[in-house]
Amino acid sequence: MGKLLCFELRKLFRQVSFYVCLAVLGAVVFLGIFSTYSMIRLMKADIGLEIDMEMLESFGLGLHLNGRGYLLSALNGNNLTLLLGIFFALFICSDYVNGTAKNVIGRGFSRMKSTAAKQIVTAAGTLVFCLAACGLAFVLASAYWGVGKDWELLDLYRFLIQLLVILAYAAFFSFFAFLFKKSGAAIAFNIIAPSLLSLILTLIDIFTEKKKIYFSEYWLADCLTVSTDLSAKAAELTRSGIIAGVYLVVFVLLTHLVTARRDV
Amino acid sequence: MSTVLQTYGLTKAFGSKLAVDHVDMTIEQGDIYGFIGKNGAGKTTLMRLVLSLALPTSGSYELFGAAPTAQSRRRIGSLVETPGFYKNCSAQENLTRFAGLYGTDLSEVKDVLGLIGLEGTGSKKAGKFSLGMKQRLGIGIALLNHPDFIVLDEPVNGLDPAGILEMRNLIQSLNRERGITFLISSHLLDELSKIATRFGIINNGKLVEEIRSEDLRNRDGNRTRFVVNDPQAAREALLPAAGAENITVRDHALLVQGQTGDVPRLNRLLVEAGIEVSSISHENSSLESFFMERIGR
């Protein structure tokens with residue numbers, strides 16, 4: 001297993017697309033923060049408009065406009081999940097597309113261990129993406145608006161739940177990459193599936209008359225929104241964490257089910 | 001001699017089609033086993049089963065005299081269908097990655113690069129290699145970690161004549177010097193006949209026949225061709241020694257079957273009978289004709 005992990009890690013860190021996706025993510029984070037900073041500066045300088053916290057609240061920026069705020073909300077939105085969907089499709093399918101999976105299985109490494117190694121390295125890659133996005137957002141936002149006050153222990157919990165939700169997304173993307181084995185199909189599916197699922201669940205909610213359950217609340221997108229909402233309470237975070245954990249376990253197991261007896 | 005691969009009723013079905021149909025195959029240590037069959041006969045599927053790339057529908061097999069284990073699989077190198085490597089990496093990086101995975105000393109990478117003739121490719125990406133270079137890189141990966149048994153599926157596909165010769169020499173030297181056993185499939189029967197020590201013919205998923213190369217050479221089809229001035233008289237002269245059933249007259253030649261070791265005596269009999277012999281040649285039954293005969297064409 002150790003050799004498989006080293007093999008997959010070496011592959012991860014030597015894959016050009018890994019750095020391309022990281023660079024794109026960095027650019028997106030930078031542009032997001034820089035555009036906010038520029039907008040506020042322009043409003044101050046050109047119009048002479050005095051920006052206070054109340055006004056920022058009205059733009060929905062109040063809680064976010066510092067290092068802490070950006071650190072805890074950097075994973076929100078579709079950018080990161082989109083890049084993860086693309087990257088993991090490329091990373092996982094590369095062994096099937098290049099035929100290198102044959103060199104692994106044919107040499108006595110079991111399908112289960114090979115899949116598990118990929119899943120572990122996928123998780124490691126996910127953490128690198130998350131830490132890069134959060135780290136860059138924190139540094140840039142702190143440089144512009146300060147680190148931020150009112151840090152609390154809940155922030156750490158919030159951050160861990162966010163990581164769990166993103167890991168569940170990674171497991172979801174990985175499953176479809178293993179399923180399709182073709183990078184084109186996997187990328188297309190990983191781009192479309194999350195938003196399509198959100199849309200379908202929202203439609204179901206709309207057309208369900210007796211609403212005891214809102215299905216869209218049980219999808220990862222909602223969990224991510226809740227966990228990156230700085231006003232969310234611990235109970236809400238826990239709920240999101242449990243849902244994400246269930247998705248993570250289900251997709252990890254489904255992946256093993258798909259690969260266990262399949263021809264390479 | 002120990003057995004490297006033994007299959008017992010190995011079967012693989014895709015839906016209702018049996019791609020491999022109850023195959024009992026034996027490969028002994030030191031063999032270069034030429035595996036021949038038409039397209040879709042089941043060669044690649046059987047190789048994939050042996051390598052665990054596909055799982056059998058029924059039947060079983062043994063590797064190195066025992067049920068396959070992770071350890072016994074580590075002793076197998078393979079190149080099945082297309083060579084598997086990372087297109088965006090150099091030959092050295094590809095070999096280094098797999099050397100790490102197989103637990104091979106990294107110093108071996110340089111040796112293997114030299115052995116497959118890719119030591120001068122530097123940082124050139126493997127995806128930009130010629131077909132022959134890609135094939136050699138695939139063989140290089142198969143050679144890592146000193147395998148005892150190498151499975152090669154159409155290894156000379158896409159190679160030019162010089163490449164085919166190099167590949168033949170490489171296989172023969174690895175077999176001779178390192179004692180590596182080979183299972184090789186190829187459509188180039190003539191090429192295969194030059195190196196294989198044993199043949200297996202598969203047709204419609206069934207293993208039709210296994211035969212050693214010397215048995216193939218010595219079978220009925222082997223014959224000596226005497227070109228003579230009077231074939232009928234020559235036939236009469238050889239009847240007592242060779243038997244009527246073994247002598248065929250064709251044009252100005254006399255074909256004597258199954259007498260390859262007795263040519264000097266037959267020649268002396270002809271000369272003593274006053275028959276002029278202008279040439280004597282040995283005719284091997286070609287692998288191609290044997291193959292066509294066995295698959296019923």
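Computed from heavy atoms alone, side chains included, the values below leave out hydrogens, waters and symmetry copies. Order of the sequence lines fixes the chain letters, A, B, ..., with proteins taken first and strands second; residue numbering starts at 1 for each chain.
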Next on the checklist: Below 4.5 Å, heavy-atom pairs only: which of A:V104, A:I105, A:N98, A:D95 has the largest tally toward chain B?
Outcome noted: A:N98
Checklist outcome for this item: Counting heavy-atom pairs under 4.5 Å with chain A, the top scorer among B:G138, B:C89, B:G77 is B:G77
Next on the checklist: I'd like to know if B:K12 pairs up with A:D263 as an ion pair, taking the criterion as any Lys NZ or Arg NE/NH1/NH2 lying under 4.0 Å from an Asp or Glu carboxylate oxygen.
Outcome noted: yes
Checklist entry - Which of the residues B:R74, B:R75, B:E93, B:R48 is involved in the greatest number of heavy-atom pairs with chain A at under 4.5 angstrom? => result B:R74
Checklist entry - Based on non-hydrogen pairs under 4.5 Å, which of B:S78, B:S72, B:G103, B:P68 is most in contact with chain A? => result B:G103
Checklist entry - Should the pair A:K11 and B:Y86 be classed as cation-pi, given the thresholds of under 6.0 Å to the six-membered ring centre and 45° from the axis? => result no
Checklist entry - Parallel under 30°, tilted from 30 to 60°, perpendicular over 60°: which one fits the rings of A:F189 and A:F172? => result tilted
Next on the checklist: Restricting to non-hydrogen atoms, name the atom on A:S17 and the atom on A:L90 that form the minimum distance, rounded to 0.1 Å.
Outcome noted: CB-CD1, 3.8 Å
Checklist entry - Under a 4.5 Å heavy-atom cut-off, does chain B meet the side chain of A:R111, its backbone, both or neither? => result side chain
Next on the checklist: Could you tell me if A:R107 sits above the aromatic ring of B:Y102, with its cationic atom closer than 6.0 Å to the ring centre and no more than 45 degrees from the axis?
Outcome noted: yes
Checklist entry - Counting heavy-atom pairs under 4.5 Å to chain A, which of B:A142, B:G127, B:A54 comes out on top? => result B:A54
